[in-house]
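Structure, as structure tokens:
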Amino acid sequence: MSISRYELVFTDVTGATQDVVVVERTLYKGSGGHPVYTDPTGIIRAEISDRGEVRVMPSGGHQDPAHAVRARALPEDDTGGDAGGPAGSGPAGSGPAAPPA
């Protein structure tokens with residue numbers, strides 16, 4: 001069974017949590033062959049393996065790659081107010097940089 005939603009937890013070098021972003025599975029796969037997940041804006045995109053390994057993907061120019069990111073699976077019944085199907089029906093947008101690592 002594949003997981004449809006994750007929380008991405010971005011932390012700084014001290015390990016303190018800086019930001020949490022919810023991402024949904026898209027119809028796309030990354031270069032590693034794993035599903036690509038995105039936030040509602042399309043700015044945060046990440047390939048997440050079945051072992052929970054996260055590779056944040058740039059969605060626009062001038063983004064710094066995130067270094068310390070964890071993925072936490074969200075329960076299927078926790079819709080967070082968005083009861084749609086998989087994200088990614090169109091191309092991901094470009095915009096401001098991802099949260100700094």
Side-chain angles (χ1 to χ4, degrees):
M1 180 178 133
S2 61
I3 297 171
S4 63
R5 295 182 336 121
Y6 281 95
E7 283 182 332
L8 295 182
V9 181
F10 294 85
T11 56
D12 62 14
V13 294
T14 67
T17 299
Q18 286 188 330
D19 202 7
V20 176
V21 177
V22 175
V23 293
E24 284 192 42
R25 185 179 178 139
T26 68
L27 302 175
Y28 303 104
K29 292 199 184 257
S31 61
H34 303 290
V36 172
Y37 293 78
T38 187
D39 75 324
T41 67
I43 295 171
I44 306 296
R45 295 187 313 157
E47 179 179 7
I48 304 175
S49 77
D50 53 353
R51 295 185 294 177
E53 300 162 323
V54 181
R55 184 176 66 87
V56 176
M57 304 165 64
S59 62
H62 306 292
Q63 289 183 329
D64 292 326
H67 298 288
V69 181
R70 289 185 303 127
R72 294 190 298 216
L74 292 175
E76 294 300 319
D77 60 347
D78 181 16
T79 61
D82 183 11
S89 58
S94 61

Item checked: Heavy-atom pair of closest approach, residues E7 and V22 -> CG-CG2, 4.1 Å
Next item on the list: Check each of I44, T38, I43 against T41 using the side chain to side chain contact (heavy atoms under 4.5 Å, CB included) test, and report the only one that passes.
Entry: I43
Notebook entry, point to check: Any idea which heavy atoms bring A71 and Y6 closest together, and the distance?
Noted result: CB-CD2, 3.6 Å
Next item on the list: Ignoring hydrogens and angles, tell me if any N or O in the side chain of E47 forms a donor-acceptor pair with the backbone of G33 under 3.5 Å.
Entry: yes
Next item on the list: Identify the heavy atoms of S31 and R55 that sit nearest to each other, and give their distance.
Entry: OG-NH2, 3.1 Å
Checklist line | Note, R45 side chain near T26 side chain (heavy atom, < 4.5 Å) | finding: no
Checklist line | Minimum-distance pair of heavy atoms, taken over all atoms of H34 and I48 | finding: CB-O, 3.5 Å
Next item on the list: Quick one: closest heavy-atom pair of D39 and V23, and the distance?
Entry: N-CG1, 3.6 Å
